[in-house]
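Read through the structure below, which is laid out as structure tokens, and then see the notes.
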Amino acid sequence: MEKIIIVGGGVNGLCAAYYLQKRNNFDITVIDRGDISDNCSFGNMGFLSPSHFVPLASPGVISEGLKYMLSSTSPFYIKPRLNLLFLQWALKFYQNSNQKTVEKNAPHLSELLNLSRRLMNEIRDDIGDVFDMEEIGCMMMCHSQKAFEDELKVADSAKKLKLAVEIFNREELQKKEPNVELDIYGAVLFKDDAHIHPGKFMLAMKNYLEQNGVRFQLNTNVSGFTKNHKKISEVVTDKGTFDADEIILSGGTWLSELAKKAGVTLLIEGGKGYSYTYNHVEKNIRYPAILVDGRCAVTPWEKTLRIGGTMEFSGNNNKVLTKRMEGIYNSVKRFYPGLKIDFPPKDKIWTGLRPVSPDGLPYIGKAGNFENLLISGGNAMLGISEGAAAGQIISDLVEKRSTPIDISAFKVERFN
Ligand SMILES: Cc1cc2nc3c(=O)[nH]c(=O)nc-3n(C[C@H](O)[C@H](O)[C@H](O)COP(=O)(O)OP(=O)(O)OC[C@H]3O[C@@H](n4cnc5c(N)ncnc54)[C@H](O)[C@@H]3O)c2cc1C
């Protein structure tokens, strides 16, 4: 039986395992240095976002970033560092943040997001409706008229990509959210979007995979690879070596470190985000929303509410800067003055590192000159939205099938 090793049990690793086990008789092991109970795929906002077809690296982001960087509560921060890979990443990010590249990349991103959105429904039908998936769209809430007018332009582009949108003024919006007083100019509802509880999804996937023969080698750090001509024959860990016929690297923000051990150069920076989850909000909001000019997001699951956001490039660490959470909390209170929530205790604030590529597109495909090395990651703020499609594509590549969409834009070594 062909042996497959997947390094990294985030959404990318588990979705790849899901499609590989579903369609084949492979011997699959997922290796993770943690216990898969809290990586970036757990505490995020859980949006499935076909509406996010504009890549993160876009013309506005640099000027917005510079504008915000001087404030300690700012939603966007880049800490300058004298590190060669960081400097290369920053240069490529800057070079990709232009309209021409965005127009080239957006259709590819859109195809991937739409495919993944469809596949998430299939996964739910297969493993069970156990991760609080709701298909009511996502509100892009705007506090100012200017933000609303900009959002209407995004809505126009979305319509060209055949996405369904609905526009609301303040009064109409308040009727949609009867339980909580709003202070919002207007909003665009992207109706194809959905949301899930990402932690429940991860646990459900892991349980499903275990029950279907996938092995989990947890608390095990991958430190290298044994190469044999054009193949990698073994994955080296602190708990011994594992032989493999195919290797899939899905190490999230640490993907570039992992790939380097195989001699492959990948540019990824960790974009730190924060979230906090209120377990009981008596009068909760109904719609998940992105607070466009508040630069954060809110996700309700019945009486539970998660607030989150920020994009902080300050190296791969989990240090909590309370000021950033203050920025999120204050924005939420400004948009929803009727929401009764307290400022979160510092020790309960969750952080995660988004794996951000320099153009905001993921890396999906073969890597290096190896015949048996594949990579899946670098999804930035869209890993939950893209994971299912990335997993299916990885399975297609292992099985040497043609992929359902053109994946040339996601080529692993596109920056080399
Ligand atoms: C605040 C916030 C909100 C977000 N909201 C959304 C959202 O609403 N929708 C959306 O689509 N996306 C969202 N994201 C982004 C999404 O969470 C990420 O893109 C996604 O989780 C990345 O998944 P991954 O599988 O690549 O990495 P991870 O989930 O980080 O998993 C990588 C795994 O690799 C393991 N690993 C790494 N190196 C090694 C090694 N050497 N040996 C063994 N194991 C290793 C790690 O332990 C980890 O478990 C959000 C992110 C943040 C921070």
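Each ligand, and each atom within it, is numbered from 1 in the order the structure gives. Just so you know, these numbers use all the heavy atoms, side chains as well, and skip hydrogens, waters and symmetry mates. Note that the numbering runs from 1 along the sequence shown for the chain.
Residue contacts with ligand 1 for Leu258 involve side-chain atoms from C-beta outward but no N, CA, C or O (heavy atoms, distance under 4.0 Å). With a heavy-atom cut-off of 4.0 Å, Ser275 does not touch ligand 1 at all. Under 4.0 Å from ligand 1, not a single heavy atom of Ser49 appears. When heavy-atom distances to ligand 1 are checked against a 4.0 Å cut-off, Trp254 comes that close only through its side chain, counted from C-beta outward.
The distance between the ring centers of Trp350 and Phe42 does not fall below 6.0 angstrom.
Judged by distance alone, the side chain of Ser49 and the main-chain N or O of Ser51 form no donor-acceptor pair under 3.5 Å.
Geometric assessment of Arg324 against the ring of Tyr274 yields a negative cation-pi assignment under the 6.0 Å and 45° thresholds. Geometrically, Lys206 engages Phe216 in a cation-pi contact, judged by NZ or CZ lying under 6.0 Å from the ring centre and within 45° of the ring axis.
Partners of Thr237 by side chain to side chain contact (heavy atoms under 4.5 Å, CB included), not counting sequence neighbours, listed by chain and number: Ile31, Thr220, Val222, Val235, Lys239, Phe242. With sequence neighbours excluded, the residues satisfying salt bridge (charged side-chain N to carboxylate O under 4.0 Å, His left out) with Arg124 are Glu135.
Ligand 1 does not have Gly271 within reach: every non-hydrogen atom of the residue lies 4.0 Å or more from it. Heavy atoms of Gly308 come nearer than 4.0 angstrom to ligand 1 in no pair at all. At a 4.0 Å cut-off, not a single heavy atom of Phe42 sits close enough to ligand 1 to count as contact. Residue contacts with ligand 1 include Thr220, since one of its heavy atoms falls under 4.0 Å from the ligand.
The protein atom (non-hydrogen) at minimum distance from atom 10 (C) of ligand 1 is Met381 O, 3.2 Å. Among all non-hydrogen protein atoms, the one lying nearest atom 48 (C) of ligand 1 is Asp32 OD2, 3.4 Å.
Comparing Ser41, Gly224, Ser37, Gly251 by heavy-atom distance to atom 29 (O) of ligand 1, the nearest is Ser41. Distances from atom 44 (N) of ligand 1 to the heavy atoms of Met202, Arg33, Gln217 put Arg33 nearest.
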